[in-house]
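Right, one structure below, let's go through it.
Chain letters run A, B, ... following the sequence lines, proteins first, then strands; residues in each count from 1.
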2 protein chains.
Amino acid sequence: MPYVMVQIPKPPADEPLAPRSVPTSADVARLAGVSRATVSYVLNNADAVRISEPTRRRVREAARELGYVPHAAARSLRAGRSRTVLMPAPSFPAGPLYSRFLSELQWALGRLDYTVVQYGTAGAHGDEAARAWAELRPVAVLVPGSGLGPQGVEILKRSGARAVFTLGPEAVEGAHALLMDHEIVGHRAARHLYGRGRRGIGVVVPAEDGLGIFSTPRLEGVRRAVRGTDATVTELPLAYDERDAARVAARWGSLGLDAVFAYNDEYAMLLMRALQDAGTDVPGDTAVIGADDLMLGRLLRPRLSTVHLELPSGRDLAALVDRAVNDPGAAPERHEVLGAAVVHREST
Amino acid sequence: MPYVMVQIPKPPADEPLAPRSVPTSADVARLAGVSRATVSYVLNNADAVRISEPTRRRVREAARELGYVPHAAARSLRAGRSRTVLMPAPSFPAGPLYSRFLSELQWALGRLDYTVVQYGTAGAHGDEAARAWAELRPVAVLVPGSGLGPQGVEILKRSGARAVFTLGPEAVEGAHALLMDHEIVGHRAARHLYGRGRRGIGVVVPAEDGLGIFSTPRLEGVRRAVRGTDATVTELPLAYDERDAARVAARWGSLGLDAVFAYNDEYAMLLMRALQDAGTDVPGDTAVIGADDLMLGRLLRPRLSTVHLELPSGRDLAALVDRAVNDPGAAPERHEVLGAAVVHREST
DNA sequence: TTGAAAGCGCTACCAA
DNA sequence: TTGGTAGCGCTTTCAA
């Protein structure tokens, strides 16, 4: 039995006392005395249809008067696709380098008409996090760090993501990879130290949480650099405060080290100061090298040698994302995007 | 004339070759052999209705099998409200302090079941930006810096935002204000210097873009602190590099200054090193004070005096936002949330 | 040149 | 206990 639908007129909206309801395109249409379709045509500058200039004006005027703002969710629901690029907030404290990279990328994607959304995942893990991201139906997802597995990628793709990128140490099946393997940083540092005749190499490993995804590969890079040589690698846990640095410096003599790769410039500055205070000569007794090439390292005496890091330009990356979105069938690409080069100053 | 609607059965989805279309709740319903309503009840654990355990199991099983993930936009469109808290990305480079504050806030809001979204506005300005934000229909908006005017607040509210907060130097009409007026930082620094007998006070003003919203009020705070006294204030533009610092240090003698508030610890470290290299004794000839209380300041010799900043806890702030959302009618609140206290070390 | 209406995916009301 | 169905705000055919 067929249903019979009777048109029941809506109660006229003659109650301006209504508590400031949000204006919709229907309200604009009513005020302008046109249909919702016409409103949509005008406000989206649809060139497929010709709307008379007076009508256009009336619609625009009505929209302005009501303070109409289109509803992004409704729009993308109807369209069946969004231009949202999702970037989960990184689980590690973002340094100045990474922050700048991020905002550059955001800007560049914005230029390509994507809406970049940083999503604070607040503790969700693994596939659960992926599901939370998928609910937003992003057209692309850029995941920093290493919290996404092949399962997660599959979840995202099944929910419509046309490209998934990981920014981290390793590639994940099904996703494009922007490999930023910090292993190379440790490797460069150790090669430098070894090349300058150092054989007892200490490696600072920050005690702080969340830095493991950087410190572990950096340490591994050091190990790889000296594998098969007569050099030794000693792991040096260190908290980011003066007391702990003094503790390490106090037993320095007993460690038998003549060089240290201090994770980054900040830890390097901390440790170098402690070593100097404890009577260790830098670089005479011990060479010290950091990473990240912070301005401040140049101010120390001796000036701090460091590993300069180079992240890809936001513009290039945005273009890459755009390409991947437009060709979702393509095979996942791998790009090695972390440049690292030793800047030799005075501390080594 | 009434419309007659005939139920036309959809073509059966017997084409598994379809290019991996995104599963909807209807697909789950079909697979489980129940209605969409039932699917919704089960997956949302609706306690208003009793669904039998076998049915629940079937539905969940079907959802899992299809990899079903609900569509957030559709959901909030239907619900007429979202739990999205929007935070436009700040226009200034976020320091470690602010980054930590941000992620703490994100976490805390997440605990209250809000979805925090950082939106990269990519160059939109003023009301245009506000309109872009409004399209997302956030339940609350937290705007850092000072780019939002009363107009923008009105736009956001008219589009359904139940609370608008500004995090910045001044309150905006209609919005709650978390006042973080950096004027106090300069004021504290100058009072400290003045109290220690300094009368010729230089104030570093970074040449870098985007820092003006901090440096201008900090300078103003210094001015206010010494107004009506015999002390003088000298503005010192300084770029964040060694060459420019050397330039300033070279003409130090001619400036007639015996103290400098160096904007923050980084600029302080830069300038102090340059001054020392140029033969100026710190703090003998010139006292130097920074701000932000970075760890690294303690490593200098002399140890750097600084202004320690205290941002509000993310938890408190999240609670505040939650309260405002639940009581949208309440009058805008103003909270002074930036704490500043001098940490006296050796450089002053 | 404009309008009517279908439908995106979802939930909540009402009826069975 | 379960299902039908209306409708959130929007765009886009198709028809007039």
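- Of all the heavy atoms in Gln118(B) and Pro90(B), the pair that sits closest is OE1-CD, 4.1 Å.
- As judged by a 4.0 angstrom heavy-atom cut-off over every strand, Thr55(A) is placed among residues touching the sugar-phosphate backbone only.
- Taking a 6.0 Å sphere around CZ of Arg60(A), one finds it holds more than 12 heavy atoms contributed by other residues, nucleotides or ligands.
- In this structure, Glu135(B) atom CD and dT11(D) atom P are separated by 10 Å, rounded to whole Å.
- Take the nearest nucleotide of DNA chain D for Ala37(B) and for Arg137(B): the residue whose nucleotide is more 5' is Ala37(B).
- For the pair Asn45(A) CG and dT12(D) P, the computed distance is 13 Å after rounding to whole Å.
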Audit row: Trp107(B), Val116(B), side chain to side chain contact (heavy atoms under 4.5 Å, CB included) steps and yes/no: CA-CA 9 Å; Trp107(B) 185 85; Val116(B) 181; over 6 Å; no
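- Around the CD atom of Gln151(A), the shell of radius 6.0 Å holds no more than 12 heavy atoms that belong to other residues, nucleotides or ligands.
- Put simply, Ser76(A) has no side-chain N or O that comes within less than 4.0 Å of OP1 or OP2 on dC8(C).
- Following rounding to the nearest Å, Leu77(B) (CG) and dG7(D) (P) show an atom-to-atom distance of 14 Å.
- Closest-nucleotide positions on DNA chain C for Thr38(A) and Thr24(B) were compared, and the one nearer the 5' end corresponds to Thr38(A).
- Here the P atom of nucleotide dT11(C) and the CZ atom of Arg36(B) are 10 Å apart, to the nearest Å.
- Residue Ser25(A) places at least one side-chain N or O closer than 4.0 Å to OP1 or OP2 of dC10(D).
- If you take CZ of Arg81(A) and P of dC10(D), they are 16 Å apart, rounded to a whole angstrom.
- Nearest nucleotide to the Arg75(B) side chain, out of dT13(D), dC10(C), dT1(C): dC10(C).
- Between the CG atom of Leu43(B) and the P atom of dC10(C) there is a distance of 10 Å, given to the nearest Å.
- Each of Ser35(A) and Arg78(B) lies near DNA chain C, and the nucleotide nearest Ser35(A) is the one positioned closer to the 5' end.
- Atom CZ in Arg30(B) sits roughly 14 Å away from atom P in dG3(D) (whole-Å rounding).
- With distances taken from any side-chain atom of Tyr68(B) to the nucleotides dT1(C), dA6(C), dC10(C), the minimum falls on dC10(C).
- The nucleotide whose nearest atom lies closest to any side-chain atom of Tyr41(B) is, among dT11(C), dA4(C), dC13(C), dC13(C).
- When all heavy atoms are compared, the tightest approach of Val141(A) to Ala161(A) is CG2-CB, 4.3 Å.
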